[in-house]
Chemist: 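Sharing a structure here in structure tokens format.
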Amino acid sequence: MKPKAALEFVESSAWARVLNAEQLDRVLGEVGQRSVRRGTSVCHAGSPVLYWKGVIDGLIKMSVTSPDGRTCTLTGLAPGAWFGEGPVLRAATWDFDGMAIHDTRLALVPRATFHWLLEVSPRFNRFVIDQLNERLAQFLAVIEAERLEPAETRVARCLAWLFNSVLYPGVGARLALTQEEIGYLSGVSRQRVNRALHMLEQAGVLAVEYGAIQVLDLPALKRFRAVR
DNA sequence: TCATTAAATTGTT
DNA sequence: AACAATTTAATGA
């Protein structure tokens, strides 16, 4: 696979801009690329972590499966995302499943390269800390909504997450996503998603399109609260 | 380009 | 979960 798109993607990533020329050269020399069709697995719980992965375009769903076969979706990974630093850092295997829910292109940074960057670049370390911290804040917001808020608010939090420009710099104002998919990502029935989206549209926060949504006011989406 | 049809998605119960 | 309405994509005249 010719990694041309991956090279450009790495160069445009926030963490690449904090590296010196020598460090960037090594990364560009070792980065790989992979295209996956919608519906295919991109990483599997229990299998070895070989790469730190970036989403060039498309969409990935992160989920876990219980021993009796039930699955729970944790989050979506939108364009611009880099993921897997957790498993890369602490273990030799993935602790979640990743599935492409759209045709997706991935950039692959070998595990060894990632660890080398951590050793030689304080600013890269800082990037990783910032990213982990941003995720933590997002997870807290989602857990809070899960326990305290009605479904409409949970949908809003889930969408605010997907449009997070720190975690997913590649996402513009518009994201191709059906209401069914939003349901899977936010743990809400499609009917409830439909209601929530219209509520959010009424509030002027986003525009509902056929098979897509467009965010008009991201700050408002983040702080949106439906009345119970 | 237009009309027809199938498939996907949405809105509602 | 089921159904009807709507939108899109594909096909061929």
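So that the names make sense, note that chain A is the first sequence line, chain B the second, and so on, each numbered from 1.
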Chemist: Within the supplied structure, the quantity of interest is the number of heavy atoms (other residues, nucleotides, ligands) at a distance under 6.0 Å from R192(A) CZ; does it exceed 12?
Modeler: no
Chemist: Let me confirm one number: the CG-CG distance from L185(A) to L159(A), rounded to the nearest 0.5 Å.
Modeler: 8.5 Å
Chemist: Give the intermediate values and the outcome of side chain to side chain contact (heavy atoms under 4.5 Å, CB included) for residues I182(A) and V155(A).
Modeler: CA-CA 8 Å; I182(A) 295 171; V155(A) 171; 4.1 Å; yes
Chemist: Please test E209(A) against R174(A) for salt bridge (Lys or Arg N to Asp or Glu O under 4.0 Å), starting from the C-alpha separation and ending with a verdict.
Modeler: CA-CA 9 Å; E209(A) 297 171 20; R174(A) 206 185 95 99; 2.4 Å; yes
Chemist: Looking at H115(A) and V88(A), would you say the former's side chain and the latter's main chain have a donor-acceptor pair under 3.5 Å?
Modeler: yes
Chemist: Any sub-3.5 Å donor-acceptor pair from R154(A)'s side-chain atoms to S186(A)'s backbone N or O?
Modeler: no
Chemist: Scan for side chain to side chain donor-acceptor pair (under 3.5 Å) pairs involving residues 70-93 of chain A, sequence neighbours excluded, and state none if there are none.
Modeler: S13(A)-W82(A), W52(A)-E85(A), D68(A)-R70(A), T75(A)-W161(A), E85(A)-Q131(A), E85(A)-R135(A), R90(A)-D95(A)
Chemist: Are there any protein N/O atoms within less than 3.5 Å of an N/O atom in nucleotides 2-6 of chain B, and if so, which ones and at what distance?
Modeler:
none

Chemist: Between protein and nucleotides 8-13 of chain B, map the contacts as a letter string: B base, S sugar-phosphate only, - none, heavy atoms under 4.0 Å, written 5' to 3'.
Modeler: BSBBBB
